[in-house]
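See structure below.
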Amino acid sequence: MKLALVEPTSPAPDADTPLPVLQLVGVRKTFGEFAAVDNISLDIYEGEFLTIVGPSGSGKTTLLRMLAGMESPSEGNITLRGELINDVPSNRRPTCLVFQSLALFPHKTVGENIEFPLKVKNVPPAQRKERALELLRMVRLPENYYGKNVMKCSGGEKQRVALARAFAYDPDVLFFDEPLSALDYKLKKAMEKELKDLHRESGKTFIYITHSLEEAMVMSDRIGVMRSGKLVQVGTPEDIYSRPADRFVSEFVGEVNVVAATKKGAEWSADDFGTRLRVVLPADLAAATAASIVVRPEFMRFVDAPSGADNVLEGTIYNEYSLGSRIQYQVRVGEKTFLLELSRASAFKGAFDKPALIGWDARDAIVVGA
Ligand code: ADP
Ligand code: MG
């Protein structure tokens, strides 16, 4: 038997494991003492739609700038198909970045904007136009937009022009830095779906950053969650939603109820209420004596008796919000507020100012480190 001296950074490639198109190993970026990106290792696969989400200031743009070649890492390595590219400038990489600001040439036509990358490559005019018209169709703009001044286009149309221009570079990898954040809600929702379609149709690798998890959930094959320069979890949307790695991720994923719990002897109890809790611990927390119990609003319900669920608390309802087919209730238990979400059919039938019992079953809670 041979002993491995160095821990491999990723599993050995075989027929089922495609080679990563981009690979980050221990990547750090510091500004003075401050680490904007802190020790990130990540494999990005050919053709995937990977989204990096995180609150403002978590280091998303800095990470993307390093991937796009606008910034070099202070430490660590970035490889593109096995070739080290730490210091290769953006114009020498087969990648293209689409900004929120779009950076279109304002006094030029839609056609001139889209053809710019082709002009730089000395593609003859007739061929350029043919490709530009093809790209217009791809981003679902009418062909007669070819001669239109780009400043006369609406926000969503400019977005499409910027996309068409990015595709004109024919990059292997497209980067997007919050490209939809300036659009109104309805247009944003429509563009999310179009981007996802465009990703499928083009077969390119998309690396997208946003502070909106909702946006990430709609479009991505995988999501990476960043906090304070670190990548705290990478997984499918389903992984991130159902098995958040820690309390930060669970709270980032949406409105959740979090109950701090401590184990005394063989029993778990809620720190804030002293109530005994039934808890199903994941294997990695088997020995923990403190934990956060995360319960999504849709997994909590009103019960008639303390035996109505594994865990029951007594509180008072102080508000309800209609979400159309569902209703949300805010219930105060001591100092804490719980959020319950029920279908209209199972709406609360009791009185608002009387005590109400709320509960959840142990298997419906997510237990993360305290
Ligand atoms: P995000 O895109 O997630 O909002 P950024 O990558 O833009 O975050 O920034 C992460 C942190 O790094 C922020 O605290 C920001 O102020 C800091 N930062 C980014 N670029 C620079 C720079 N050139 N010099 C100093 N600090 C920077
Ligand atoms: Mg940013």
Side-chain angles (χ1 to χ4, degrees), residues 22-42 44 48-78 80 85-91 93 95-104 155 158-159 162-163 166 171 173-185 187-188 191-192 195 205-220 222-235 237 240 244-254:
L22 276 165
Q23 190 167 44
L24 290 83
V25 179
V27 171
R28 247 169 92 83
K29 180 71 187 179
T30 50
F31 298 110
E33 295 280 279
F34 175 73
V37 167
D38 197 2
N39 194 22
I40 288 189
S41 296
L42 174 67
I44 299 164
E48 77 169 323
F49 196 136
L50 174 82
T51 302
I52 304 288
V53 287
S56 179
S58 56
K60 305 182 297 295
T61 295
T62 307
L63 179 66
L64 205 65
R65 286 172 60 84
M66 288 190 280
L67 292 177
M70 299 157 81
E71 202 83 74
S72 298
S74 313
E75 279 175 47
N77 286 329
I78 302 175
L80 182 90
I85 54 160
N86 281 16
D87 302 308
V88 175
S90 54
N91 59 359
R93 295 186 185 195
T95 59
C96 185
L97 177 61
V98 181
F99 300 91
Q100 183 192 328
S101 66
L102 306 180
L104 293 168
K158 283 187 191 138
Q159 205 74 46
L163 262 170
V173 182
L174 280 100
F175 300 114
F176 300 88
D177 192 347
E178 312 222 13
L180 307 183
S181 57
L183 302 181
D184 68 55
Y185 186 79
L187 186 54
K188 191 195 307 230
M191 289 296 296
E192 285 171 3
L195 269 174
T205 307
F206 279 27
I207 302 174
Y208 192 97
I209 66 179
T210 175
H211 60 273
S212 159
L213 190 90
E214 195 187 312
E215 205 168 297
M217 289 279 181
V218 174
M219 298 188 291
S220 320
R222 282 196 306 158
I223 296 174
V225 184
M226 276 186 83
R227 172 177 52 168
S228 309
K230 292 195 163 69
L231 199 54
V232 290
Q233 187 172 8
V234 185
I240 303 282
D246 61 17
R247 185 173 169 167
F248 170 80
V249 176
S250 74
E251 289 178 328
F252 194 70
V253 167

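Each ligand, and each atom within it, is numbered from 1 in the order the structure gives. The first residue of the sequence shown is numbered 1, and numbering continues consecutively from there.
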- [ ] Name the closest protein heavy atom to atom 26 (N) of ligand 1, giving the residue it belongs to and the distance to 0.1 Å.
- [x] Phe31 CD1, 3.5 Å
Task: Distance (rounded to the nearest 0.5 Å) between Phe175 CZ and Ser90 OG - done: 10.0 Å
TODO: Calculate, to the nearest 0.5 Å, the distance between atoms CD1 and CD1 belonging to Ile44 and Ile207 respectively.
DONE: 3.5 Å
- [ ] Closest by any non-hydrogen atom to atom 9 (O) of ligand 1: pick that one out of Thr30, Thr61, Thr62, Val37.
- [x] Thr62
TODO: Please lay out, stage by stage, how Phe206 and Val98 fare under the test side-chain contact (heavy atoms from CB on, under 4.5 Å).
DONE: CA-CA 11 Å; Phe206 279 27; Val98 181; over 6 Å; no
Open item on the list: How far is atom 8 (O) of ligand 1 from the closest protein heavy atom, and which atom is that?
Closed with: Gly59 N, 3.2 Å
TODO: Look up atom 15 (C) of ligand 1 and tell me if a protein heavy atom lies less than 4.0 Å from it?
DONE: no
Open item on the list: Determine whether a donor-acceptor pair (N or O, by modelled atom type, separation under 3.5 Å) exists between the side chain of Ser41 and the backbone of Gly26.
Closed with: yes
Task: Which of the ligand 1 atoms, numbered from 1, are nearer than 4.0 Å to a heavy atom of Pro55 - done: 3 (O)
Task: N, O or S of Thr61 under 2.8 Å from the Mg ion (ligand 2) - done: yes
TODO: Pick out which of Lys29, Met226, Met66, Lys230 makes a side-chain contact (heavy atoms from CB on, under 4.5 Å) with Ile40.
DONE: Met226
Task: N or O contact, Phe34 vs ligand 1, cut-off under 3.5 Å - done: no
Open item on the list: Any donor-acceptor pair under 3.5 Å linking the side-chain atoms of Ser72 with those of Asn86?
Closed with: no
TODO: Counting heavy atoms only, name the option from Ala35, Gly229, Gly57 that's nearest to atom 10 (C) of ligand 1.
DONE: Gly57
TODO: Report yes or no: does Gly54 have a heavy atom closer than 4.0 Å to ligand 1?
DONE: no
Open item on the list: With rounding to the nearest 0.5 angstrom, report the CG to CD distance, Leu180 to Glu215.
Closed with: 5.0 Å
